[in-house]
Amino acid sequence: MHTYLDELNQPQKEAVGHLNGPLMIVAGAGSGKTKVLTTRIAHLMANGVDSFNILALTFTNKAAAEMKERVEKILGNTEARNLYIGTFHSVFARILRAEANKIGYPSNFTIYDTDDAKSVVKTVIKELDLDDKHYKPNVVYNRISSAKNDLISSAEYINDWAIQQEDARANRPQLGAIYDAYAKRCFKNGAMDFDDLLFKMYLLLKNNPESLSKYQRKFKYVMIDEYQDTNKAQYEIVKLLGAMHENICVVGDDAQSIYSFRGATIENILQFQKDYDEVKVVKLEQNYRSTKSILSVANEIISNNKNQIEKNLFTDNEQGEKIKLVRTMTDNDEGKNVADTIQEQKLRNHYFNKDFAILYRTNAQSRSFEEALRRMGIAYRIYGGMSFYQRKEVKDMIAYLRVVVNPQDEEALKRIINYPARGIGKTTLDKAVLLANENNLNLWQIFCNAVMYGFKSGTLESIDNFVTMIKMFQSELPKKNAYDIAILVGKSTSLVKELFNDKTTEGLARYENVQELLNSIKEFVDDPIIQGVINEDGVIIDSIGIEDESKINELVNSPAQLTSASLGAYLQQIVLLTDADDNKGEIDVVKLMTIHAAKGLEFPVVFVGGMEETLFPNAMAINTREELEEERRLFYVAITRAKHKLWLTYANARYRFGQLQQNDSSRFLEEIPEDFVDKSYAGGGVKNTGNSWGSGTQQMQRGFGGGGNTWANKNTASEAEKRYGAPPKTTPSYVAPKAPPKLIEHEPAADFIASDTSNLQEGQKVEHQKFGFGEVIKMEGAAHNPIATVQFELNGEKKIMLNYAKLRII
DNA sequence: TACAGTGCTTTTTTT
DNA sequence: AAGCACTGTA
């Protein structure tokens, strides 16, 4: 019969089999949580629950996609399409569009990402005549964000005595005023930030009984993934949605709660059991992912936390190797060491690039790993950090599209009003903004009626041309899909042409990025998923808004109405997309990401870099026990990503803010029992052994020790040395062989012409037909036979004889 | 109006 | 180191 049930262990079966009533699954790392969730959905449907009545909420798009795919596989039919599976933010965005009128928003509202939101905060601070040195936009934004996650409106914020006291003590009494102005501005712009998607969803359900009842009836079964990471807003929404049927299933692991900075609280797990009369609790304690060695270390680490739900995570997997500890001199050496080790492991144990992950606490740490991997010719990909959609040229293009869909969107409008330059400069913009504020209109309305406001005739003409152009785009909205409009915009604004004409390396990259954006729009358009109904503005109104079946049939019969290929739909999904969600990922590359981004993932071989005090645990997060325990959970998450092998690495000193900074090894390393760890590499890595030791207390200077990697200062033994004994004086047993780096072939532009290199200087940027782009780092050789040493971006250092090679100077 | 140069701040994690 | 804001010049 239901063969899928046979694949489960006893507790898993219990969880899947509990169909009605509240259910809490405490799922340890690697215990088959996703399998249980997906099987449970399938089981619900096998027992007659309509797929339209199931809602599953996750934190990442990737998790949602995976869940959907796996349910589909189990079911073997297309019923899974009707399931409502998505992230909190994307599901609520869809619902809010359909219900926008109930909360006074346009259904084509824009979603502001963090950059947009901070920019609005900054604007508002300036308009209130406050000093943005004192009211730092970053800090203010975080404060507003926390308030929203705690469901505190600006009015409540201002009237809350305790909050006011707190702000007064911090000498920031105007925070409430800023919050209020910010909220009003977003509303005026027809925009919501990420937190609004939760906050407004809560308000919608709270204040509109019909809406609440509608969604309660629709979502008879609700499932929440990563419940330990929910904040108050999410908690209250779930509680409201589930109140009618109480068929709520939450899955979480308190040991993996790492998002308290976003308002998440473990309290939600504890509270869950009190909210309902009979909560079934199932613990999944068998780990199917890691070796015994790795899991023991993880268990040991987490046992140092006081606050936790008791559980006993075990595995039947093999013992595996001890985890390895590596100490290097600098962050650059750390990078080299990891790259060397990857190369070694590939050769010795036949791993592929894709089997490796390098994890770190902060995004800035990716640099040294990146450089080392590039030098070795190992393909890699960085997830997170500066995402594709944050690049200037991409944001510019998207800003145009945003204005077309929602001209109230002032952030986008400001961005493009004079780009490419069209004679509407700062003076004009300032005046328009002032007029908008005085007349309580938005910027777009000022421009549309510019003639009323006494702009100079030249300026007026520029404004009119701009307005006419945008209106022309808008008139195409109902007729054209997202891609066709994007192409039209690119052409009419000559934005693409401008980038194309910029032949510098950076210009080339920018042009390519815009092309990539256009490709992604095309892809989106070519794969129209029927997911909703579109209103006259081209914005998705969700099918959920239609209760009457005949109406749905009517709409299904007019497919144009139902495609999601509109520009509005495209914009909605990209802003909620993380680049970790990008699934082009099955190519053979080493993956680099923060530990946060790695949650929910697993890799055969894992490196955790930067195991140093101030970095991990991070200096910003050691002020309270709670903070420190969260850092420890983060370490726990890092460890439990590994299936077979785990390396922990740290550097004696690393560059931070342009200065070489010395750090002690992480306190977490002391918590690993001696027997579980192989420390034979904790002595400076492949290159640094045999040198004098001691991390010293003297200020490290740049170019220390003359020889690059030599430590000249001898002082007291370092913390690590005291703990782990003196580092080995001999060469390690195995030095990774340097495979000849593979050449990454460069495709020169069709118009590649070699330059006259007789006067080539150090520091100049060049292009080589085969090796690609690089920088001249050294000139040598006789005058009649000059030799340039060039550091190529993709192919490392090469000596080029200028008499023979063809180089183009950039 | 636009760009180049200078000086100043940054110091976590993300939907 | 790097990005940003501000200032001065063409």
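Below, each value reflects all heavy atoms present in this structure, side chains not excepted, and no hydrogens, waters or symmetry copies. Convention: sequence-line order gives letters A, B, ...; per-chain numbering from 1.
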For A:R422 and A:F657, find the nucleotide of DNA chain B closest to each by heavy atoms; which residue's nucleotide sits nearer the 5' end?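 The 5'-side residue here is A:R422.
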Let me spell it out: for each of A:T428 and A:A621, pick the nucleotide of DNA chain B with the closest heavy atom. Which residue's pick is nearer the 5' end?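 Counting from the 5' end, the first nearest nucleotide belongs to A:T428.
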Between [X] and [Y], how do the two ring planes meet: parallel, tilted or perpendicular, split at 30° and 60°?
X: A:F194; Y: A:H89; answer: perpendicular
X: A:Y259; Y: A:F261; answer: tilted
X: A:F635; Y: A:F668; answer: parallel

Would you call [X] and [Y] a salt bridge, taking side-chain N to carboxylate O under 4.0 Å as the test?
X: A:D396; Y: A:R510; value: no
X: A:R633; Y: A:E630; value: yes
X: A:D253; Y: A:K33; value: no

Which atoms of nucleotides 2-6 of chain C (N or O only) lie under 3.5 Å from a protein N or O atom, and what are those distances?
{"unit_1": "C:dA5", "atom_1": "OP1", "unit_2": "A:K122", "atom_2": "NZ", "d": "2.6"}

Indicate whether OP1 or OP2 belonging to [N] is found under 4.0 Å from a side-chain N or O atom of [X].
X: A:T427; N: B:dT1; result: yes
X: A:T594; N: B:dT14; result: yes
X: A:N363; N: B:dT13; result: yes

Choosing from [options], which nucleotide comes nearest the side chain of [X]?
X: A:R361; options: B:dT1, B:dT13, B:dT15; result: B:dT13
X: A:F261; options: B:dT15, B:dT14, B:dT1; result: B:dT14
X: A:H596; options: B:dT15, B:dT14, B:dT1; result: B:dT14
X: A:T362; options: B:dT13, B:dT15, B:dA2; result: B:dT13
X: A:Y259; options: B:dT10, B:dT15, B:dT14; result: B:dT14
X: A:N138; options: B:dT15, B:dT11, B:dT13; result: B:dT11
X: A:T87; options: B:dT15, B:dA2, B:dT14; result: B:dT15

What distance, rounded to whole Å, do you find between the two P atoms, one in C:dC4 and one in B:dT13?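 The same atom, P, in both gives a distance of 16 Å.
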Check the distance between [N]'s [atom2] and [X]'s [atom1] and give it to me in whole angstrom.
X: A:R262; N: B:dT12; atom1: CZ; atom2: C1'; value: 14 Å
X: A:Q661; N: B:dT10; atom1: CD; atom2: P; value: 16 Å
X: A:E613; N: B:dT12; atom1: CD; atom2: P; value: 17 Å
X: A:L429; N: B:dT1; atom1: CG; atom2: C1'; value: 14 Å
X: A:I424; N: B:dT1; atom1: CD1; atom2: C1'; value: 13 Å
X: A:E226; N: B:dT13; atom1: CD; atom2: C1'; value: 15 Å
X: A:L359; N: B:dT12; atom1: CG; atom2: C1'; value: 16 Å
X: A:L615; N: B:dT13; atom1: CG; atom2: P; value: 10 Å

Heavy atoms under 4.0 Å, any strand shown: does [X] hit a base, just sugar-phosphate, or nothing?
X: A:K136; result: sugar-phosphate
X: A:F59; result: sugar-phosphate
X: A:A421; result: sugar-phosphate
X: A:N418; result: sugar-phosphate

For a quick check, tell me whether the side chain of A:R656 and the base of B:dT11 share a donor-acceptor pair closer than 3.5 Å.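 No such pair is found, so the answer is no.
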Just by modelled atom types, is the A:I301 backbone N or O under 3.5 Å from a matching donor or acceptor in the A:N304 side chain? yes
Is a side-chain N or O of A:N108 found less than 3.5 angstrom from the main chain of A:N406, in a donor-acceptor match?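 No, the answer is negative, given that no donor and acceptor are paired below the 3.5 Å cut-off.
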Does A:R632 make a cation-pi contact with A:Y636 (under 6.0 Å, within 45 degrees of the axis)? no
